[in-house]
**Student:** 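I have a structure here, written as structure tokens, and I will follow up with some questions on it.
Predicted model only: the values in this text are computed from it and were never measured. Protein chains get the first letters and strands the later ones, always in sequence-line order, with residue 1 at the start of each.
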Amino acid sequence: MVPRKTHFTSEVTPELHGKEVVLAGWVWEVRDLGKVKFVILRDREGFVQLTFKSGRTPEELLSKVPYLNKEDVIVVRGVVEASRVAKTGVEVFPLEMWVLAKAKPLPVDLWGGTSDLPTRLKYRPVDLKSPRNLAIFTTASEILRAIREVLYKHKFVEVFTPKIIATSTEGGAELFAVLYFERVAYLAQSPQLYKEQLTASLERVFEIAPAYRAEKHNTDYHLNEFISIDGEGAFMDYSDVMDLLEEIMRAVVSAINAKRERLEKLGIRPPLYDVGRIPRVSYDEAIDKLKSLGYDVKWGDDLNVEMQRALTKFYGPLYFLVDFPASLRPFYTKRKDDDPKRTESYDLVLNGIEIVSGATRIHQREVLEKEMRERGLDPSAFESHLSVFDWGMPPHAGFGMGFNRLLMALLGLSNVREAVLYPRDRYRLEP
RNA sequence: GCCCCGGUAGUAUAGCCCGGACUAGUAUGCGGGCCUGUCGAGCCCGUGACCCGGGUUCAAAUCCCGGCCGGGGCGCCA
């Protein structure tokens with residue numbers, strides 16, 4: 001009988017000296033010096049050194065070591081020993097070992113990290129064994145937890161909205177068509193309309209779910225399927241939402257700081273160390289600043305990545321851009337009461353990349369219809385959505401956060417594909 | 001939608017411009033051997049590759065055409 005794993009490698013500390021443990025994981029490396037043999041065992045949390053020594057380790061066990069290959073799955077029962085010789089200060093002397101699975105030579109280089117991204121993505125399940133990926137995705141999970149905790153604290157309810165939808169009339173991004181029995185349906189590009197509707201019942205909602213965009217883009221920060229963190233709150237405006245986002249960013253950065261040592265050892269350098277008050281820069285001011293830097297922009301133009309990056313000179317790596325011209329924003333964005341050319345809207349920009357976007361929304365049907373018409377949309381196509389506004393729609397505001405971009409920017413990764421387990425891009429539908 | 005670039009052992013690369021000694025080099029992995037404290041272990045021996053199809057040529061990894069696969073930039077992306 002193979003015993004159950006009792007400890008993760010990260011839990012094997014010098015304080016356990018003399019204790020018996022059962023470890024389970026993958027053979028990272030075998031260093032066979034003849035009468036002493038070392039096996040480095042890897043699991044999700046890290047590494048631990050197993051020491052096999054002639055005279056101390058049973059001979060039968062010692063003789064098994066040379067047959068181990070990298071990535072074989074093993075379970076080891078052994079005794080922990082605090083050690084001056086072992087670099088981590090602790091090692092395990094095995095008493096028994098079970099080889100649960102053998103591994104052939106891998107198609108990706110987990111050890112030297114020489115494999116390029118296409119090769120790694122082609123064999124993604126294997127690539128995910130690399131210490132770097134384990135650090136990225138365990139951190140991603142902690143970030144998600146931190147975000148959820150802030151939202152729950154502020155009485156947001158986690159919801160799920162349909163990803164298969166009927167309409168393609170929302171405008172904007174192209175939708176993927178799917179067969180829905182005898183009809184054509186589409187994959188949702190955003191939960192926008194649903195989450196707004198839900199503020200009329202659940203008041204504050206958030207959703208963490210995939211979104212789909214059928215755009216044939218070909219860059220290192222676009223995906224055709226990505227995780228969107230969407231939030232919407234009744235009786236809130238965009239300032240309230242920015243306050244909330246500030247708190248979220250603080251929580252997220254402290255989650256990263258808790259992992260910083262492990263990340264940096266693997267060459268990942270998260271650029272943010274702390275988050276104070278995030279500057280709220282008006283669109284007008286940004287335009288002026290950019291003009292002063294010599295950029296050819298005029299009021300009404302959208303800012304590109306280069307310009308957003310240039311603004312970090314003035315405002316640091318993390319800032320809000322607020323009060324965009326209405327022409328740059330979707331139909332449901334509320335205009336400023338005292339300044340109808342501008343809207344109660346914002347983007348949160350990190351290292352030049354837009355990671356969150358949001359606004360106060362329009363909650364009056366007539367106003368919404370007017371905005372639709374101005375953008376060439378036909379209100380009658382939105383009747384089921386608009387009717388909700390007839391039956392008690394509260395004022396509301398919200399945000400949409402691209403989780404993979406957030407992760408990429410927070411960890412300083414050079415390609416979004418590194419921030420997704422199984423990326424879907426223009427040419428990649430597998431694995 | 002437009003433009004540019006690439007494909008050599010399991011992995012990462014050299015060679016390609018300027019065709020011939022390329023029997024395709026190197027590192028790592030893998031197989032074997034030596035070594036009682038390695039931690040990028042070391043040393044010795046072995047193993048393994050020119051994406052596919054067509055063309056030019058006495059001769060193609062190398063030049064040309066097509067295909068397939070992949071990468072990047074722009075545009076698009078409420």
**Student:** Just compare B/G40, B/U36, B/A78 and give me whichever is closest to any side-chain atom of A/Glu29.
**Tutor:**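 Out of B/G40, B/U36, B/A78, the nucleotide with an atom closest to A/Glu29's side chain is B/G40.
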
**Student:** Of the nucleotides B/C77, B/A41, B/G70, which has the atom closest to the A/Arg31 side chain?
**Tutor:**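 The listed nucleotide nearest to A/Arg31's side chain is B/A41.
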
**Student:** Are the side chains of A/Gln189 and A/Phe176 in contact, using a 4.5 Å heavy-atom criterion?
**Tutor:**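 They are not in contact (no side-chain heavy atoms under 4.5 Å apart), so the answer is no.
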
**Student:** Quick check with a 6.0 Å cut-off and a 45 degree axis cone: is A/Arg280 positioned over the face of A/Tyr346's six-membered ring?
**Tutor:**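 Judged by the rule, A/Arg280 and A/Tyr346 form no cation-pi pair.
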
**Student:** Under 4.0 angstrom, heavy atoms only, what part of the nucleic acid is A/Asp32 near: base, sugar-phosphate, or nothing?
**Tutor:**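 The answer is base, as A/Asp32 lies within the cut-off (heavy atoms under 4.0 Å) of a base atom.
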
**Student:** Rounded to whole angstroms, how far apart are CZ on A/Phe399 and P on B/A78?
**Tutor:**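 After rounding, the gap between these two atoms is 18 Å.
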
**Student:** What is the pairing partner of B/G37, taking Watson-Crick or G-U wobble pairs with both distances under 3.5 Å in any strand?
**Tutor:**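 Partner of B/G37: none.
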
**Student:** Taking the same atom, C1', in B/G40 and in B/G54, what whole-Å distance lies between them?
**Tutor:**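 Result for the C1' pair: 47 Å, nearest Å.
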
**Student:** Where the side chain of A/Lys70 is defined as all heavy atoms beyond and including C-beta, which of B/C77, B/G29, B/A78 is the nearest nucleotide?
**Tutor:**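 Nearest to the side-chain atoms of A/Lys70, counting from C-beta on, is B/G29.
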
**Student:** Does A/Thr119 place a side-chain N or O at less than 4.0 Å from the phosphate oxygens OP1/OP2 of B/A12?
**Tutor:**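 Looking at the OP1 and OP2 atoms of B/A12, one of them is under 4.0 Å from a side-chain N or O of A/Thr119.
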
**Student:** Which nucleotide wins on minimum distance to the side chain of A/Asn415, given the candidates B/C77, B/A78, B/G72?
**Tutor:**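 Closest nucleotide to the A/Asn415 side chain: B/G72.
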
**Student:** Confirm from the modelled atom types if A/His217 and B/C76 form a donor-acceptor pair under 3.5 Å, side chain to base only.
**Tutor:**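 Donor-acceptor pair under 3.5 Å: no.
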
**Student:** Ring centroid separation for A/His222 and A/Phe226, is it under 6.0 angstrom?
**Tutor:**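 Here the rings of A/Phe226 and A/His222 have centres that are no less than 6.0 Å from each other.
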
**Student:** From B/A12, B/A78, B/G72, pick the nucleotide closest to the side chain of A/Arg417?
**Tutor:**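 The listed nucleotide nearest to A/Arg417's side chain is B/G72.
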
**Student:** Report yes or no: is there a donor-acceptor pair, N or O only, under 3.5 Å between the side chain of A/Lys53 and the base of B/G37?
**Tutor:**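 Yes, the side chain and the base share a sub-3.5 Å donor-acceptor pair.
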
**Student:** As a test of reading the structure: which of B/G10, B/C35, B/G72 is closest to the side chain of A/Asp220, going by heavy atoms?
**Tutor:**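 Looking only at heavy atoms from C-beta outward on A/Asp220, the closest nucleotide is B/G72.
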
**Student:** Return no unless some side-chain N or O of A/Lys216 is found under 4.0 Å from OP1 or OP2 of B/G1.
**Tutor:**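 A/Lys216 to B/G1 OP1/OP2: side-chain N or O found under 4.0 Å.
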
**Student:** Can you say whether a donor on the side chain of A/Glu91 sits under 3.5 Å from an acceptor on the base of B/G37, or the other way round?
**Tutor:**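 For A/Glu91, whose side chain was compared with the base of B/G37, there is a donor-acceptor pair (under 3.5 Å).
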
**Student:** Among B/G70, B/G37, B/C76, which is the nearest nucleotide to the side chain of A/Pro118?
**Tutor:**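 The answer is B/G70, which lies nearest to the side chain.
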
**Student:** With heavy atoms under 4.0 Å as the rule, sort A/Phe176 into base, sugar-phosphate or nothing.
**Tutor:**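 Nothing, no heavy atom under 4.0 Å.
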
**Student:** Which nucleotide sits closest to the side chain of A/Gln49: B/C35, B/C39, B/C77?
**Tutor:**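 The listed nucleotide nearest to A/Gln49's side chain is B/C39.
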
**Student:** Given the side-chain rings of A/Phe382 and A/Phe331, with only the six-membered ring counted for Trp, is the space between their centroids under 6.0 Å?
**Tutor:**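 Ring centres of A/Phe331 and A/Phe382 closer than 6.0 Å.
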
**Student:** Taking atom P in both B/G10 and B/C50, compute the distance separating them and give it to the nearest angstrom.
**Tutor:**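 Comparing P positions in B/G10 and B/C50 gives a spacing of 9 Å.
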
**Student:** Take A/Lys35 and A/Arg120, find for each the nucleotide of RNA chain B with the closest heavy atom, and name the residue whose nucleotide sits nearer the 5' end.
**Tutor:**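 Upstream on the strand: A/Arg120.
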
**Student:** Check every strand shown and say whether A/Ser115 touches a base, only sugar-phosphate, or nothing at a heavy-atom separation below 4.0 Å.
**Tutor:**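 Sugar-phosphate: the residue A/Ser115, judged by heavy atoms under 4.0 Å, touches backbone atoms but no base.
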
**Student:** Should the side chain of A/Ser190 and the base of B/A78 be counted as holding a donor-acceptor pair, with the cut-off at 3.5 Å?
**Tutor:**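 Donor-acceptor pair under 3.5 Å: yes.
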
**Student:** Between A/Lys334 and A/Asp237, is there a salt bridge with N-O shorter than 4.0 Å?
**Tutor:**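 A salt bridge is absent here (no side-chain N lies under 4.0 Å from a carboxylate O).
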
**Student:** Starting from P on B/A12, measure out to CG on A/Leu117 and report it in whole angstrom.
**Tutor:**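 So the CG-P distance, A/Leu117 to B/A12, works out to 11 Å.
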
**Student:** Quick one: look up who B/C68 pairs with, Watson-Crick or G-U, both distances under 3.5 Å, and put none if it's unpaired.
**Tutor:**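 For B/C68, the partner nucleotide comes out as B/G7, under the 3.5 Å rule.
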
**Student:** Quick one about A/Glu81 and A/Ser83 (side-chain donor to acceptor, distance below 3.5 Å, no hydrogens or angles considered), yes or no?
**Tutor:**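 The answer is no; no qualifying pair exists.
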
**Student:** Just to confirm, is there a sub-4.0 Å distance from OP1 or OP2 of B/G31 to any side-chain nitrogen or oxygen of A/Asn69?
**Tutor:**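 Checking B/G31 against A/Asn69, a side-chain N or O does come within under 4.0 Å of OP1 or OP2.
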
**Student:** B/C39 C1' sits how many Å from A/Arg42 CZ, rounded?
**Tutor:**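 Checked: the CZ to C1' distance equals 17 Å.
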
